[in-house]
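To start, the structure itself, in structure tokens.
These values consider heavy atoms only, across backbone and side chains, with no hydrogens, waters or symmetry-generated copies.
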Amino acid sequence: MIFDTNLTPTSGYDEDTFEKLKRAREGSHYIVVYRDLSMLRKIYSQYTKRQIEEKNEIVLILSHYETIDMVRYVLSHMATIDVKEYEKQDSLLIIDSARAYFGSSIDIISFVKSLVNYADQIGKNGVTVLADMGSFFCYNKLNDLIEYETSLQRTSDIKAKGFCFYKRDDFNWRISRIQRKRLLDHHGRELMVAPTATLR
């Protein structure tokens with residue numbers, strides 16, 4: 001499959017953001033606001049490569065604004081990850097976020113806990129979840145979004161790290177200031193990879 005896409009890293013990418021992601025500890029629950037897809041690709045491709053190859057973790061990617069095949073393409077070409085091999089090993093899972101949040105009989109929190117147990121069984125050091133929250137906006141489930149996010153703690157005691165990715169325009173214009181504050185209050189840290197994002 002051939003994709004007509006620009007995989008050149010964006011000049012607006014904040015290199016310090018990657019350093020902050022690298023310092024995230026077990027049980028972390030972060031919110032990341034990104035400007036556009038080129039920025040998002042830079043973040044998730046670099047971070048996925050690190051967590052799988054250096055940190056020996058399982059990475060779960062819940063994608064919304066690009067297809068699963070596009071995510072595979074980005075990981076292969078921007079981060080030179082052997083996607084097929086890691087998927088075969090169950091070190092990398094890429095799932096459509098709408099299916100994960102709305103189309104499964106098992107809720108995503110239970111699924112992540114089962115992944116953590118599986119990681120322990122096969123000698124992995126934990127699980128990283130990179131979740132694009134755009135599906136909640138696409139399906140007009142903003143109340144469900146707030147309910148889900150506020151059900152999670154800022155930190156937890158399980159061997160997993162969670163990063164909730166929000167497109168800047170969704171975060172700024174499709175939820176109220178009060179809702180934004182509630183979201184931020186339930187994340188241990190917020191990372192702005194969108195210089196003009198209004199977080200507070």
Side-chain angles (χ1 to χ4, degrees), residues 7-66 70-83 86 91-95 97 100 108-109 112 115-116 119 124-134 148-149 152-168 170-172 180 183-200:
L7 295 182
T8 304
T10 174
S11 60
Y13 176 67
D14 179 4
E15 294 296 337
D16 187 49
T17 298
F18 187 59
E19 294 303 313
K20 290 173 182 173
L21 291 177
K22 284 165 60 175
R23 291 196 293 270
R25 299 185 179 192
E26 263 180 28
S28 297
H29 180 212
Y30 283 16
I31 192 167
V32 182
V33 179
Y34 66 92
R35 185 185 65 218
D36 53 30
L37 281 179
S38 62
M39 195 168 278
L40 177 64
R41 289 168 181 161
K42 175 81 171 179
I43 298 168
Y44 78 69
S45 61
Q46 279 193 351
Y47 196 69
T48 296
K49 184 178 180 72
R50 176 182 186 268
Q51 297 311 107
I52 290 177
E53 297 183 357
E54 296 178 30
K55 296 302 178 181
N56 191 36
E57 291 188 353
I58 292 174
V59 175
L60 169 63
I61 298 176
L62 303 179
S63 176
H64 174 69
Y65 283 109
E66 44 189 18
M70 186 65 210
V71 174
R72 290 181 176 127
Y73 181 82
V74 169
L75 292 174
S76 296
H77 289 77
M78 279 190 77
T80 61
I81 293 172
D82 189 341
V83 173
Y86 286 128
S91 295
L92 174 64
L93 295 89
I94 307 168
I95 301 172
S97 66
I108 192 65
I109 296 172
V112 170
L115 267 185
V116 169
K124 297 291 182 180
N125 294 327
V127 174
T128 290
V129 182
L130 306 174
D132 194 317
M133 310 309 288
Y148 167 73
E149 286 279 48
L152 303 175
Q153 300 301 313
R154 292 162 64 94
T155 59
S156 69
D157 57 1
I158 66 171
K159 293 172 70 173
K161 294 181 283 292
F163 300 93
C164 301
F165 287 85
Y166 287 82
K167 195 172 183 179
R168 179 182 63 188
D170 288 340
F171 193 81
N172 278 359
R180 287 198 297 272
L183 289 176
L184 293 169
D185 286 345
H186 282 266
H187 290 81
R189 186 166 196 169
E190 68 247 21
L191 299 179
M192 246 191 337
V193 204
T196 59
T198 306
L199 288 179
R200 296 287 185 186

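- Proximity of a side-chain donor or acceptor of H29 to a complementary backbone N or O of H186 within less than 3.5 Å is detected.
- In this structure, CE on M78 lies 8.0 Å from OH on Y44, to the nearest 0.5 angstrom.
- Rounding to the nearest 0.5 Å places OH of Y86 at 11.5 Å from OG of S76.
- Other residues, nucleotides and ligands contribute over 12 non-hydrogen atoms within 6.0 Å of the CZ atom of R23.
- Minimum heavy-atom separation, A24 to Y30: CA-OH, 3.7 Å.
- Between C164 and H187, the shortest heavy-atom distance links the atoms SG-NE2, 3.6 Å.
- Rounded to the nearest 0.5 Å, atoms OG (S97) and NE2 (H64) are 6.0 Å apart.
- Under the 3.5 Å distance criterion, with hydrogens and angles disregarded, no donor-acceptor pair is assigned to the side chains of N172 and Y166.
- The line from CG of L130 to OG of S45 is 10.5 Å long, rounded to the nearest 0.5 Å.
- Taking CD of Q51 as the reference point, atom CG of N56 lies at 10.5 Å (rounded to 0.5 Å).
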Would you check, one step at a time, whether the test side chain to side chain contact (heavy atoms under 4.5 Å, CB included) holds for F163 with L21? CA-CA 9 Å; F163 300 93; L21 291 177; 3.3 Å; yes
Would you sort out whether I94 and L60 count as a side chain to side chain contact (heavy atoms under 4.5 Å, CB included), showing the intermediate values? CA-CA 6 Å; I94 307 168; L60 169 63; over 6 Å; no
D170 vs V33, side chain to side chain contact (heavy atoms under 4.5 Å, CB included): CA-CA, chis, key distance, verdict: CA-CA 9 Å; D170 288 340; V33 179; over 6 Å; no
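- The shortest distance between side-chain heavy atoms of V71 and V83 does not fall below 4.5 Å.
- Side-chain contact, Y34 with D132: a donor N or O sits under 3.5 Å from an acceptor N or O.
- A 6.0 Å sphere centred on NZ of K55 holds no more than 12 heavy atoms belonging to other residues, nucleotides or ligands.
- I52 pairs with exactly one of L92, D82, T128, I58 by the side chain to side chain contact (heavy atoms under 4.5 Å, CB included) rule, that one being L92.
- Of the candidates R50, K124, K159, K161, E57 forms a side-chain hydrogen bond (donor to acceptor under 3.5 Å, both in side chains) with just one, namely K161.
- Between E53 and T80, the shortest heavy-atom distance links the atoms OE2-O, 4.4 Å.
- Residues I61 and I95 are not in side-chain contact: their nearest non-hydrogen atoms beyond the backbone lie 4.5 Å or more apart.
- Between the CD atom of E54 and the NZ atom of K22 there is a distance of 7.0 Å, given to the nearest 0.5 Å.
- No side-chain heavy atom of R35 sits less than 4.5 Å from a side-chain heavy atom of K167.
- Residues V59 and L93 have side chains not in contact (no heavy-atom distance under 4.5 Å, counting atoms from C-beta outward).
- For the pair I109/Y148, a side-chain contact is recorded, criterion being any heavy-atom separation below 4.5 Å from C-beta on.
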Decide yes or no on side chain to side chain contact (heavy atoms under 4.5 Å, CB included) for F165 and L62, but give the supporting numbers first. CA-CA 10 Å; F165 287 85; L62 303 179; over 6 Å; no
